[in-house]
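Input: a single structure, listed below in structure tokens.
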Amino acid sequence: MTNATPSASPSAEPLAPVATNSPAQVLTASVVGTTIEFFDFYVYATAAVLVFPTLFFPGSDPTSALLASFATFSIAFFARPLGAIVFGHYGDRIGRKTTLVAALLTMGVSTVVIGLLPTYEQIGVVAPLLLALCRFGQGFGLGGEWGGAVLLATENAPPGKRSWYGMFPQLGAPLGLFLSSGVFWILLHFMSQEALLSWGWRVPFIASIILVAVGLWVRLSITETPAFQKAIDSHERVEVPVAELFRKHKRSLVLGTFVALATFVLFYIGTAYLLSYNVKVLKMPFLDALEVQLLGSVVFGIFIVVIGKLAERYGRREMLILTSALIAAFSFLLPALMTNGEGMIFLFVILAMVLMGMTYGLIGTALAAPFPTTVRYTGSSITFNMAGIFGASLAPYIATYLQANYGMAYVGYYLLVAALITLACIFLSGKEEV
């Protein structure tokens, strides 16, 4: 490990943060931050199905408009690794706390601006370009948020509790999904679909400023993690974490990226794609489609907690292998569940989100495990967000295209391939690497 002179003397840094960060503070700060970030992220995904095709991509047939909307949706996933590198650098150089605050602000500002954008009818082609720019900002911020939140939890975890603590920031995903779907569900109870398209869609984006303020207050109340404080005190920080990472940890980066592949493909088939399929193909009313999302988010959250407990008893690696094998088996059920009426759609989302909770609840701790403290923020963030590019960025687009041109069975094959790749990479990883 390359040593570098720290930016400030050890005596100038806060001492013994473990004495001031209680478990409640740590876990609250990690889950509140990720909830806000994922709310911002998913409120866009919901709008990308319900309103953006009409407001920002008019003049196309419905399928082309939806595909164009999903294309802007995917931009964030390509921005996330850049955010991981930039925020990871500062997270490994100056600390987890300060970097998490900056990431939250980046995400929050981008989301609020989306709510203020003019539409295609008002300014023409500039409107979708501005939407794409804001979506890039969302991805850039989330790229820096996730890794830091996981480290905030796991680097404060007592011995033998790392998988349990690492589960808490993962709860931000189902909570964010529940809140984003719930906001649109409430709006549609109090306004017509026409009013939603006219101005109501802006409310969730602009109102997110309140959540960001709460998140900042919580984040600013904590101190640095014990593991990073130790790196400061022992002069272990490296000058350029990303260079150190690619020089010494390339294998962990590659394997980690594809260990998370099935997680992302499953989630975005079970959320963004499912929402568009229910509304556009099955012609399900918006409210009913959102209720499917709400049910899924609750099941998702419950099984994140369940798998956290099971991993402490039976082992994180063993639970990841089991879950990935179950996802592969589930892929064969997907066509029947998706094409046999609304009742089967509810069964589909329940099964999908059970499996999603089981894989997502463990993936944060698994991706952080192979990296030393000095590059852990950068390493875990890059692997998670590169997995987002391969597994999530185009998943709604690919699933929509496959279903429209080849049938629902090919969406199942798509999920199957992702699960098999994930299983192979888990087996290739050592027992201490996941």
Side-chain angles (χ1 to χ4, degrees), residues 29 31-57 69-70 72-80 82-84 86-87 98-123 126-146 148-149 172-173 175-188 190-191 195-220 272 290 385:
V31 74
V32 166
T34 53
T35 297
I36 294 164
E37 295 277 13
F38 280 106
F39 169 83
D40 288 354
F41 204 70
Y42 296 148
V43 82
Y44 186 103
T46 305
V49 173
L50 299 183
V51 298
F52 288 165
T54 302
L55 297 178
F56 288 90
F57 305 98
S69 184
F70 277 150
T72 60
F73 171 82
S74 72
I75 288 171
F77 292 95
F78 292 92
R80 282 165 65 163
L82 297 176
V86 172
F87 287 110
T98 302
T99 306
L100 281 168
V101 168
L104 186 61
L105 281 171
T106 302
M107 183 75 165
V109 169
S110 299
T111 302
V112 172
V113 171
I114 290 173
L116 302 173
L117 288 179
T119 64
Y120 187 95
E121 184 179 8
Q122 295 170 307
I123 61 171
V126 176
L129 293 176
L130 291 175
L131 182 66
L133 181 62
C134 290
R135 184 61 175 167
F136 182 92
Q138 282 191 313
F140 192 79
L142 186 58
E145 159 68 27
W146 179 86
L175 289 171
L177 177 63
F178 182 86
L179 291 174
S180 61
S181 300
V183 166
F184 276 102
W185 186 84
I186 291 169
L187 288 174
L188 284 169
F190 290 96
M191 64 178 63
L196 180 72
L197 288 170
S198 175
W199 61 271
W201 68 273
R202 299 180 184 276
V203 173
F205 292 95
I206 296 172
S208 70
I209 195 170
I210 299 170
L211 296 177
V212 172
V214 172
L216 288 174
W217 175 71
V218 172
R219 286 275 169 85
L220 290 169
L290 288 170
N385 291 299

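FYI, side chains are in, hydrogens and waters are out, and symmetry mates aren't considered; it's all heavy atoms of this structure. Throughout, numbering of the chain's residues begins at 1 and tracks the sequence. Just so it is clear, the model here is predicted, and its values are computed rather than measured.
- Distance CD1/I36 to OG1/T111: 11.0 Å, rounded to 0.5 Å.
- The nearest pair of heavy atoms linking A103 to G144 is CB-C, 3.9 Å.
- Proximity of I114 to F52: side-chain heavy atoms (C-beta onward) are separated by under 4.5 Å at one or more points.
- Under a 3.5 Å cut-off, the side chain of R80 and the backbone N or O of G143 do not form any donor-acceptor pair.
- Taking 4.5 Å as the limit, every side-chain heavy atom of F38 sits out of range of all side-chain heavy atoms of L175.
- What you find for P53 and A47 is that their closest heavy atoms are CD-O, 4.1 Å.
- Considering only heavy atoms from C-beta on, T46 stays 4.5 Å or farther from P204 through its side chain.
- Counted by atom type alone, T34 and E145 present zero donor-acceptor pairs between their side chains at under 3.5 Å.
- Between L104 and L100 the shortest side-chain heavy-atom distance does not fall below 4.5 Å.
- Atom CD1 of I206 sits in a crowded spot, with more than 12 heavy atoms from other residues, nucleotides or ligands closer than 6.0 Å.
- In this structure, CZ on F205 lies 11.0 Å from CG on L116, to the nearest 0.5 angstrom.
- With a 4.5 Å cut-off on side-chain heavy atoms, F140 and T106 count as touching.
- Distance check: Q122 CD to L55 CG gives 9.0 Å after rounding to the nearest 0.5 Å.
- Minimum interatomic distance between P128 and Y120 (heavy atoms only, all atoms of both residues): CD-CD1, 4.0 Å.
- The side chain to side chain contact (heavy atoms under 4.5 Å, CB included) test applied to L188 returns L196, F286, L287, L290, not counting sequence neighbours.
- For the pair P118 and A127, the tightest heavy-atom approach, listed with the atom from each and the gap, is O-CB, 3.5 Å.
- Taking CZ of F39 as the start and CE of M107 as the end, the distance is 10.5 Å to the nearest 0.5 Å.
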In residues 176-183, what donor-acceptor pairs under 3.5 Å come from side-chain atoms, sequence neighbours left out?
{"unit_1": "S180", "atom_1": "OG", "unit_2": "G176", "atom_2": "O", "d": "3.0"}
{"unit_1": "S180", "atom_1": "OG", "unit_2": "L177", "atom_2": "O", "d": "3.0"}
{"unit_1": "S181", "atom_1": "OG", "unit_2": "L177", "atom_2": "O", "d": "3.1"}

